[in-house]
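For the single chain, residues carry numbers from 1 onward in sequence order.
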Amino acid sequence: MNLDGGVSVDTPSNKYKVKGKVPEGLELARERKLPMQFRAELEDARSLRFADVAIWDYGLAFLLGNQELVVDRLSLDPTRARELKGKVTAVTNRILPAYRSTVAAFSPQMPSMSARSLSAAYEGEMSAISANMAARALWLQADMEWAVRKAVEWCSPCGNVGLHVWANQTKEKIEVDVVSPYDLLFEAYATRPELARWSAVRKFVRREEAIDLFPDAEDFFEEAQADSGDGDAPDGATIQPSDRLEMWWVYYKDGRCGVWCQSQWVYESDYPDWCDPVILIRWTPMPNRIWGISQIMPAIIPQLRYNQIDELLFQIMKIASSPQWIVSRQAMVDKRSLNNNPGQVIEYNDSGREPALRQAPPAPASLWDALAMQSAKIEDMMGAHSASQGKRVPNVSSGIGMETLIGQDDANLGLTQSEFQRAFEQAVKTGLVLMKHYMPSRMLIRVPGRASSSVMRAIETVDLSDKPDVVFGVGSMFAVNARSRDQQMLNLVQYG
């Protein structure tokens with residue numbers, strides 16, 4: 001295991017190694033000890049995000065179809081957010097199709113990358129060439145395209161997701177982990193990640209694994225109380241199996257890093273402070289607010305109203321399908337004969353009026369209009385309309401019209417796509433820094449070549465720049481797949 005540039009957990013072989021190697025130029029950071037009262041800082045940061053955790057709970061609950069909730073304008077009081085249960089039993093999940101089309105819209109590809117050198121000398125040019133090859137190899141080795149898909153799956157319902165970049169010296173590769181917002185923390189009261197003095201990533205580790213990771217703290221781990229993570233679990237459910245220890249990998253901006261478990265540091269080290277091992281991605285960034293707004297959150301109230309109207313229509317139709325019999329008392333009709341069976345003979349006394357069926361009035365047209373309006377609101381709030389979901393749009397039959405509608409939905413995702421591109425661009429830069437400091441001096445990497453082939457190249461990691469300047473082409477991370485997606489949507493519409 002290597003914690004100098006991140007955390008390396010090599011499962012299932014359970015071969016862990018703790019290395020105290022410090023990169024050249026970082027020895028002075030050893031003298032700055034990590035604060036022993038970090039638990040108070042950790043608890044402050046966790047308490048300040050209680051309202052945000054409740055919002056994430058709602059987003060995931062509604063996505064899963066658990067929408068039997070009664071809320072007071074979604075005040076999201078953290079003491080009541082998980083206790084509110086509902087009366088509505090009819091749930092038609094209109095959020096799920098929009099979510100699926102959105103995840104499909106984020107089909108990434110390898111972006112065009114260019115590494116620039118600040119020096120025109122031979123060494124600067126060699127550094128840029130090595131960085132170009134290493135960046136393209138890192139994209140493939142870390143499976144960045146799959147990481148983008150997993151990040152969207154968290155970011156859409158919760159509005160936030162993280163990336164954790166670390167060096168796996170056992171496998172001699174750079175890893176990029178997707179971190180749920182429940183497992184991310186930043187310094188309390190920080191309004192932007194870059195202003196936070198520290199950032200942390202949570203992992204739940206089995207007790208025996210923790211002992212293998214940090215043998216010097218074996219006595220502490222043996223006596224430590226297991227933590228299932230109930231504090232941040234959706235709807236209060238247990239999110240971890242038994243006998244797990246909650247551990248936080250903490251990175252300070254000045255280059256210090258360590259692993260905190262319950263009440264003490266079990267590991268302290270250093271990392272290159274000019275890179276960002278923990279990167280936050282937000283669906284909709286807000287000024288002076290560290291956490292973003294999710295795609296699903298604005299659609300929750302329209303979804304609640306949609307369910308209420310849908311249930312009301314169902315109850316009206318249920319009553320209308322069971323008409324009532326109007327029978328005079330003088331008719332002396334046996335109630336058992338009023339069973340609506342075909343050919344049933346009903347005997348009655350003609351001194352009274354003839355029994356008659358009274359049909360309940362149908363549902364008013366205004367309810368159907370309100371249902372369609374709430375459905376349209378959900379699509380508007382989420383930015384994923386019928387055209388993007390492969391459905392026909394009334395009064396639109398031309399391919400140009402459909403392409404225009406799909407293009408408008410893609411434009412709504414532009415802000416989020418730029419957030420993703422910026423984050424993964426930063427992940428590549430951080431990966432190159434960690435590659436220089438923690439990987440072998442000479443590495444064999446698989447670099448994509450022409451005609452979608454790949455070749456093995458040898459690069460000298462010592463040639464990599466300490467602060468690589470890698471830039472993605474504007475819009476190149478999603479552009480090509482977006483065109484193929486548009487064509488696929490038009491084909492679906494054309495086929496009906």
Side-chain angles (χ1 to χ4, degrees), residues 5-7 26 28-29 32-56 78 151 154-155 158-166 176-202 232 248-260 265 268-294 297 415-431 433-434 466-472:
V7 55
L26 298 179
L28 293 179
R32 300 192 299 270
K33 299 297 183 180
L34 295 172
M36 298 306 298
Q37 303 301 323
F38 181 72
R39 182 172 184 174
E41 295 188 46
L42 195 67
E43 293 303 323
D44 287 345
R46 297 181 74 166
S47 63
L48 287 175
R49 71 168 190 175
F50 277 169
D52 297 285
V53 169
I55 294 175
W56 304 339
W154 277 107
C155 200
C158 298
N160 305 272
V161 71
L163 300 178
H164 185 203
V165 187
W166 49 276
V176 179
D177 289 341
V178 176
V179 184
S180 81
Y182 294 94
D183 298 328
L184 276 178
L185 270 186
F186 298 91
E187 182 188 13
Y189 302 105
T191 56
R192 296 200 307 272
E194 56 269 22
L195 299 180
R197 190 162 54 96
W198 55 265
S199 56
V201 173
R202 179 176 64 175
D232 288 338
W248 291 89
W249 273 257
V250 185
Y251 298 88
Y252 279 81
K253 292 296 184 182
D254 58 6
R256 295 174 296 165
C257 66
V259 179
W260 176 268
W265 296 101
E268 297 184 39
S269 186
D270 310 275
Y271 75 99
D273 58 356
W274 51 85
C275 66
D276 293 319
V278 181
I279 305 169
L280 176 65
I281 307 175
R282 295 168 290 183
W283 188 269
T284 303
M286 300 298 292
N288 292 327
R289 194 172 187 274
I290 195 167
W291 302 110
I293 297 178
S294 71
M297 185 62 189
L415 175 63
T416 305
Q417 288 182 342
S418 63
E419 272 281 304
F420 271 77
Q421 180 156 322
R422 177 203 61 82
F424 278 86
E425 183 178 292
Q426 184 61 41
V428 170
K429 293 180 182 179
T430 299
V433 173
L434 299 182
D466 286 334
K467 299 180 180 180
D469 187 13
V470 178
V471 179
F472 288 4

Contacts of type salt bridge (Lys or Arg N to Asp or Glu O under 4.0 Å), residue E43, not counting sequence neighbours: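 Per chain and number, E43 pairs via salt bridge (Lys or Arg N to Asp or Glu O under 4.0 Å) with no residue.
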With sequence neighbours left out, what residues match R39 under side-chain hydrogen bond (donor to acceptor under 3.5 Å, both in side chains)?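 With neighbours one apart ignored, the set is empty.
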State which residues pass side-chain hydrogen bond (donor to acceptor under 3.5 Å, both in side chains) with D276; sequence neighbours excluded, sorted by chain then number.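 If we apply the side-chain hydrogen bond (donor to acceptor under 3.5 Å, both in side chains) test to D276, skipping adjacent residues, there are no hits.
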Distance, nearest 0.5 Å, that separates [atom1] of [X] from [atom2] of [Y]:
X	Y	atom1	atom2	answer
L163	D177	CG	CG	9.0 Å
L280	Q426	CG	CD	12.5 Å
D44	L48	CG	CG	6.5 Å
K33	E268	NZ	CD	6.0 Å
S199	Y251	OG	OH	8.5 Å

Check: Y182 main-chain N/O paired with R202 side-chain donor or acceptor under 3.5 Å: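 Checking the backbone N and O of Y182 against the side chain of R202, a donor-acceptor pair under 3.5 Å is found.
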May I ask you to decide if P277's main-chain N or O and Y271's side chain share a donor-acceptor pair within less than 3.5 Å?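 It does not hold such a pair.
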Shortest non-hydrogen contact from E41 toward P35: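 Looking at all heavy atoms of both residues, the closest pair is OE2-CG, 4.1 Å.
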Side-chain donor-acceptor contact under 3.5 Å, D183 with S180: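 Yes, a side-chain donor-acceptor pair sits under 3.5 Å.
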Run W260 and W248 through ring pair (Phe, Tyr, Trp, His ring centres under 6.0 Å) and show every step you take. CA-CA 5 Å; W260 176 268; W248 291 89; over 10 Å; no
Under the rule for ring pair (Phe, Tyr, Trp, His ring centres under 6.0 Å), what residues qualify as partners of W283, not counting sequence neighbours?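 Applying ring pair (Phe, Tyr, Trp, His ring centres under 6.0 Å) to W283 gives F106.
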Would you call D52 and R289 a salt bridge, using N to O less than 4.0 angstrom?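 Salt bridge flag = yes for R289 with D52.
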Mutual orientation of the aromatic rings belonging to W166 and H164 [parallel < 30°, tilted 30-60°, perpendicular > 60°]: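 Plane angle between 30° and 60°, so tilted.
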Listed partners of E187 passing side-chain contact (heavy atoms from CB on, under 4.5 Å), at least two apart: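 E187: side-chain contact (heavy atoms from CB on, under 4.5 Å) contacts with A196, R197, W198.
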